[in-house]
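Below you'll find the structure I mean.
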Amino acid sequence: MNPPRPTLPERPTIDGLEPRWAGRWEELGVHRFDRDRPREDVFAIDTPPPTVSGSLHVGHVFSYTHTDVVARYRRMRGQAVFYPMGWDDNGLPTERRVQNHFGVRCDPALPYDPAFEPPEKPGDRQIPVSRRNFIALCERLTETDEVAFEELWRRLGLSVDWSTTYRTIGTRARAAAQRAFLRNLARGEAYLAEAPTLWDVTFRTAVAQAELEDRERPAAFHRLLFTRADGTDLEVATTRPELLPACVALVAHPDDERYRDLVGGTARTPVFGVEVPVLAHRAADPEKGTGIAMVCTFGDTTDVLWWRELQLPTRAVVGRDGRFLPEPPAGVDPAEYAPLAGATVHAAREHVVARLREAGRLVGEPERITHAVKFYEKGDRPLEIVTTRQWYVRNGGRDADLREALLRRGRELDWHPPHMRARYENWVEGLNGDWLVSRQRFFGVPFPLWYPLDEHGEPAHDRPIVADEAALPVDPSTDAPPGYTEAQRGVPGGFAGDPDVMDTWATSSLSPQIAGGWCSDDDLFRRVFPFDLRPQAHDIIRTWLFSTVLRAHTEHDTLPWRHVAISGWILDPDRKKMSKSKGNVVTPMALLEQYGSDAVRYWAAAARPGTDTAFDPGQMKIGRRLAIKVLNASRFALSTGAAPGAVTAPLDRALLAELAVTVDAATAALDEFDHARALEAVERFFWHFCDDYLELVKARAYGEHGDDAAASARAGLAAALSVLLRLFAPVLPFVTEEVWSWWQDGSVHLAPWPDAGELRAQAGDPDVLTAATDVLTAVRRAKSEAKVSMRTEVGKTVVTAPPDVLARIALAETDVRAAGRIEELQLREGPALEVQVLL
RNA sequence: GGGCGCGUAGCUCAGCGGGAGAGCACUCGGUUUACACCCGAGCGGUCGCAGGUUCGAACCCUGCCGCGCCCACCA
């Protein structure tokens, strides 16, 4: 009985597959998470939420494809894959975008206006709105961005369950961030402190260690003359002469002979005439400048160290706006300070240097240098250090036990590739303080806190009023705290809301909890948490990865996930990180349209995990060629009447043996998250299948050598094709699904992952195929050298080989003769394989 | 200054103790009824340099050179 022949397209094409199959997958719920499955059957992915106020570039396509390959593989392995998508619409980028788009600005002091509607066109002046109104506008705008993102992801073929999405500014995320903070607070892990803080003067907010980056900037060493107690000059070098009025001490190394006599005494600052102590500290470097440093409050983090350890007074001069404070610090000559009041740092420097020169207290000319200066990663002016009150969360930066525990978590986690763990350890070991989580911004998750006001209307910061967990999320700028009414806001004896918002990572660090339904869907949470996989890029190990580990460690006493897969970056052909501007020139959608999604996925999947990779359209062309080849080869195999059955011919059984090896290799690689190695193995086999096996069995499958011989070939083709399509399915979801639909029921993406054991049950000696291929290759070479067509008939071919090889060739003789168009094949014993083609 | 990774064919990269590989590019050939978005064949490399271990090293060890990244320092 012959099974019905599948309907095969006349000229198959990969164009247009994406919308058709993406739509079908959604209709059929192919990617739907089955939440009834027990935890051990679940594979949960903590998908990175892309920033929706930016645009997606090829780097996103690259790394999200890696994750999708894993998701599809796990699904075929029979696991219930929890693969949600988050949108990161929280933070500064969205704040700026919403301001510009609607012409508004957030003023947390304003009351919520439920009737507020933004103007149709943004006006010249930004309209101030309450935080709650601002968040509503953000949600509205980002919704449209998210539609465009989703469309791209669907076209790329991400097998996300689109019924499980979340937003980092959404209600669940705000509630989770606030709940986690309140629990940090309750356990003593969060605390409020007034301390010197790295401060961005443009955004007027504190920033955390994790958000810093160094930039090389021009600067100049100025050599200043202080006056010793005995009236003689003391030369001190500084790159920040404008901070002279903030000088609180001079510091030299305890072993530095030059200053030993000075230590313990005092010196007087030039121009401003302040007497400051001269002290010794090991952090002073005798090699730098003149070996004695001017300590200011605060020029850099070393100043903070000295200020703290030597218990120095504070003479602050730079304000939160980056300008000099209106009043001089204690002890500073008011007349000399007066011209500095309100000045920018730059103007103040010019003025102070001019005064030093006039006073004869500047030695020579400033020496130009370049040195690294700390910047907020999103900022464009150097950070200042100002004293402010901030919330901190303990992260091991000041606590050896916690640090050690977090290092242990890092070792407990499975890193792919393994060397990326070093980044984590490097970071944890280098932490120099707790996590500063408060930001003096408007848009973000507010602290769920209020402070009681005393009879003078002053807030009692040491007695915060916390929100009820059941009421979360709250906005203390518009909600009244428990036990108070809105009328008591801002009045003596009443309350004031905490004005700050949390660091964006304070929300993002909870992505598994947010996506997994922590405290909102306990049943779901039990089935997915801790997650199995966190995919992410290496540049945010210190932020996202670290803070997520920290949060899970303190809240759940566990890792947030078992594995982390670190993806590389996409580099320009000139080996620089692909910049956004360049990335936008080639939009991901245009690439998908030009080459096809499978082809672009191929390019991504072919890159080694964790390796920075060149943007290479050449690889996409190869991927496109592969996808088309899958169509054509499948159509051809099926056109012969390929159908399941007994595989009996030695050549066909050899193919299955090789295929089993390929299945093992692909499976092992994917178990290790190595999509590239898996793809390489499958691809190599596939081209061998097309170039050699298909050519060898073509005639037999057509029935030219009898029905029994044909049946084995057709069975071999069907078995091989079925396995190949499934092996390719995670990387090439569209073309494999298309071919699958020609002859199989259901989705290839829900078909079981191939089983090497089943193949081996029908497999034979793989060397039969190798031997047959070797002879065929030799015949082709002969024809090439003779510059004749491959169809040229060969009268006689003499194969010399050891007996075992001859025996294998004999088992495939019919196929070898047909493929090589050889009339007569003579087999002779000899030491090594040699093929003589008599044309 | 500390750490991690990488230097293999013109290009992009795989291989990481026993035959130096793939794709692209290049050359030559082929109107092959699965595929011209094709097929076949070929050319091309003292595996960064120098030592060492080993019967044997692209692969292990040491040092050096170059590139990239992370962290630290920032008078």
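Convention: sequence-line order gives letters A, B, ...; per-chain numbering from 1. Computed from a prediction, not measured in an experiment: that's the story for all the values here.
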**Message:** If I pick the C1' atom on B:C43 and the same atom on B:A9, what distance separates them, to the nearest angstrom?
**Reply:**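 One C1' to the other, the span is 11 Å.
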**Item:** Nucleotide B:C70, atom P - distance to CZ of A:Arg215 in whole Å
**Value:** 13 Å
**Prompt:** If we call it a pair only when both distances are under 3.5 Å in a Watson-Crick or G-U wobble match, what pairs with B:G68?
**Reply:** B:C4
**Asked** Hey, mind stepping through A:Trp307 and A:Thr314 against side-chain hydrogen bond (donor to acceptor under 3.5 Å, both in side chains) and telling me if it holds?
**Response** CA-CA 8 Å; A:Trp307 170 81; A:Thr314 306; 3.0 Å; yes
**Message:** If you count heavy atoms of other groups shown closer than 6.0 angstrom to CD of A:Glu704, is the number above 12?
**Reply:** yes
**Prompt:** Should the pair A:Arg625 and A:Trp687 be classed as cation-pi, given the thresholds of under 6.0 Å to the six-membered ring centre and 45° from the axis?
**Reply:** yes
**Prompt:** OP1 or OP2 of B:C74 less than 4.0 angstrom from a side-chain nitrogen or oxygen of A:Lys374, does that happen here?
**Reply:**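 For A:Lys374, the contact criterion (side-chain N or O under 4.0 Å from OP1 or OP2 of B:C74) is not met.
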Using distance only, find each side-chain donor-acceptor pair of residues 294-302 of chain A under 3.5 Å and give its atom names and separation, not counting sequence neighbours.
unit_1	atom_1	unit_2	atom_2	d
A:Thr297	OG1	A:Arg315	N	2.8
A:Thr297	OG1	A:Arg315	O	2.7
A:Asp300	OD1	A:Thr302	N	2.8
A:Asp300	OD1	A:Asp303	N	2.9

**Asked** When all nucleic acid strands are considered with a 4.0 Å heavy-atom cut-off, which category describes A:Tyr602: base, sugar-phosphate, or nothing?
**Response**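 Counting heavy atoms under 4.0 Å across all strands, no contact is made by A:Tyr602.
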**Request:** Evaluate the ring planes of A:Tyr693 and A:Phe689, with Trp represented by its six-membered ring, and classify them as parallel (under 30°), tilted (30 to 60°) or perpendicular (over 60°).
**Result:**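 Parallel, since the angle between the ring planes stays under 30°.
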**Message:** Distance check, P atoms only: B:G48 and B:C11, in whole angstrom units.
**Reply:** 14 Å
**Request:** Determine the Euclidean distance between corresponding C1' atoms of B:C55 and B:G17; express it in Å to zero decimal places.
**Result:** 12 Å
**Message:** For the C1' atoms, the ones on B:U8 and on B:G66, what distance do you get once it is rounded to whole angstrom?
**Reply:** 16 Å
**Item:** Inter-nucleotide C1' distance (B:A20, B:C4), Å rounded
**Value:**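 Straight-line distance between the two C1' atoms is 28 Å.
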**Request:** Please state whether the base of B:C38 and the side chain of A:Asn632 form at least one donor-acceptor pair under 3.5 Å?
**Result:**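 Looking at the base of B:C38, it does not pair with any donor or acceptor on the side chain of A:Asn632 (distance under 3.5 Å).
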Check nucleotides 42-45 of chain B against the protein and report each pair of N or O atoms closer than 3.5 Å, with its distance, or say if there are none.
unit_1	atom_1	unit_2	atom_2	d
B:G42	OP1	A:Arg781	NE	2.8

Measure all distances between protein nitrogen or oxygen atoms and nitrogen or oxygen atoms of nucleotides 19-29 of chain B, and list the pairs falling under 3.5 Å.
unit_1	atom_1	unit_2	atom_2	d
B:C28	O2'	A:Lys787	NZ	3.0

**Request:** Considering only atom C1', compute the distance from B:A57 to B:A50 and round it to an integer number of Å.
**Result:**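 Pairwise C1' distance, B:A57 against B:A50, rounds to 15 Å.
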**Request:** Would you classify A:Ala284 as touching base, sugar-phosphate or nothing, given that sugar-phosphate means primed atoms plus P, OP1 and OP2, and contacts are heavy atoms under 4.0 Å?
**Result:** base
**Message:** Heavy atoms only, 4.0 Å cut-off, all strands: where does A:Gln209 land among base, sugar-phosphate and nothing?
**Reply:**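 Sugar-phosphate: the residue A:Gln209, judged by heavy atoms under 4.0 Å, touches backbone atoms but no base.
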**Request:** Measure the acute angle between the ring planes of A:Trp743 and A:Trp740, then classify it against the limits of 30° and 60° as parallel, tilted or perpendicular.
**Result:** perpendicular
**Between P of B:C71 and CD1 of A:Ile541, the distance in whole Å** = 10 Å
**Item:** Nucleotide forming a Watson-Crick or wobble pair with B:G21, both distances under 3.5 Å
**Value:** B:C13
**Asked** How many Å lie between CZ on A:Phe636 and P on B:A34, as a whole number?
**Response** 5 Å
**Item:** Distance in Å, A:Asn395 CG paired with A:Leu550 CG, rounded so as to fall on 0.5 Å steps
**Value:**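 One gets 6.5 Å once the value is rounded to the nearest 0.5 Å.
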**Item:** Exceeds 12 heavy-atom contacts within 6.0 angstrom, atom CD of A:Glu309
**Value:**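 For A:Glu309, atom CD is crowded (more than 12 foreign heavy atoms under 6.0 Å).
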**Item:** Minimum-distance pair of heavy atoms, taken over all atoms of A:Val835 and A:Ala778
**Value:**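 Nearest heavy atoms, A:Val835 then A:Ala778: CB-CB, 3.5 Å.
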**Message:** Is it the case that atom CZ in A:Arg411 sees more than 12 heavy atoms from other parts of the structure closer than 6.0 Å?
**Reply:** yes
**Asked** Do A:Lys698's NZ or CZ and the ring of A:Phe636 fall within the cation-pi criteria of under 6.0 Å and 45°?
**Response**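 Cation-pi check for A:Lys698 and A:Phe636: passes.
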**Asked** Out of B:C74, B:C38, B:A14, which nucleotide sits closest to the side chain of A:Arg608?
**Response** B:A14
**Fill in**
Here the distance between atom P of B:C39 and atom CD1 of A:Ile628, to the nearest Å, is 11 Å
**Item:** Parallel, tilted or perpendicular: rings of A:Trp427 and A:Phe546 (30°, 60°)
**Value:**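 Rings of A:Phe546 and A:Trp427: perpendicular, as their planes differ by over 60°.
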**Asked** Pick the nucleotide of RNA chain B nearest each of A:Asp616 and A:Leu694; which residue has the one closer to the 5' end?
**Response** A:Asp616
**Prompt:** So which nucleotide from B:C70, B:C73, B:A34 ends up closest to the side chain of A:Lys629?
**Reply:**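 Within the option list, the nearest is B:A34.
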**Asked** Paired with B:C28: which nucleotide, if any, by Watson-Crick or G-U wobble criteria at under 3.5 Å for both distances?
**Response** B:G40
**Message:** Return the pairing partner of B:U53 with a 3.5 Å limit on both distances, Watson-Crick or G-U wobble; otherwise return none.
**Reply:** none
**Prompt:** Picking from A:Tyr602, A:Phe734, A:Phe686, A:Phe685, what satisfies ring-ring contact (aromatic ring centres under 6.0 Å, His included) with A:Phe728?
**Reply:**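 Between A:Phe728 and the candidates, ring-ring contact (aromatic ring centres under 6.0 Å, His included) is satisfied uniquely by A:Phe686.
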**side-chain N/O A:Arg542 vs B:C69 OP1/OP2, d < 4.0 Å** = no
**Asked** Which residues, if any, of residues 676-691 of chain A bring a heavy atom under 4.0 Å of RNA chain B?
**Response** A:Arg677, A:Glu680, A:Trp687, A:Cys690, A:Asp691
**Fill in**
Nearest heavy-atom approach of A:Val61 to A:Thr65 is O-OG1, 2.6 Å
**Prompt:** Where the side chain of A:Asn426 is concerned, which of B:C74, B:G40, B:G3 is the nearest nucleotide?
**Reply:** B:G3
**Prompt:** Whole Å only: how far is the CZ atom of A:Arg282 from the C1' atom of B:C73?
**Reply:** 14 Å
**Item:** Separation of the P atoms in B:U53 and B:G68, to the nearest angstrom
**Value:**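 The answer is 35 Å between these two P atoms.
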**Request:** Would you kindly give the CG-to-C1' distance between A:Asn432 and B:G2, to the nearest whole Å?
**Result:**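 So the two atoms are 16 Å apart, to the nearest Å.
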**Request:** First locate atom CD1 of A:Ile622, then atom CH2 of A:Trp603, and finally report the distance between them rounded to the nearest 0.5 Å.
**Result:** 13.0 Å
**Request:** Specify the closest pair of heavy atoms between A:Ala284 and A:His253, including all atoms of both residues, with the distance to one decimal.
**Result:**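 That closest heavy-atom pairing would be O-CD2, 3.2 Å.
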**Request:** Strictly below 4.0 Å, heavy-atom distances to any atom of RNA chain B: list the hits from residues 247-259 of chain A, or just say none.
**Result:**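 Correct list: empty, so none.
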**Length of the CZ-P vector between A:Arg11 and B:U33, whole Å** = 13 Å
**Item:** Identified pairing partner of B:C35, criterion: Watson-Crick or G-U wobble below 3.5 Å
**Value:** none
**Complete:** Any strand, both distances under 3.5 Å, Watson-Crick or G-U wobble: B:G45 pairs with none
**Prompt:** Expressed as a whole number of Å, how far does the P atom of B:C35 sit from that of B:G7?
**Reply:** 41 Å
**Item:** Listed partners of A:Asn632 passing side-chain hydrogen bond (donor to acceptor under 3.5 Å, both in side chains), at least two apart
**Value:**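 Listed in chain order: nothing, the list is empty.
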**Asked** Could you state the CG-C1' distance from A:Asp612 to B:C67, rounded to the nearest angstrom?
**Response** 12 Å
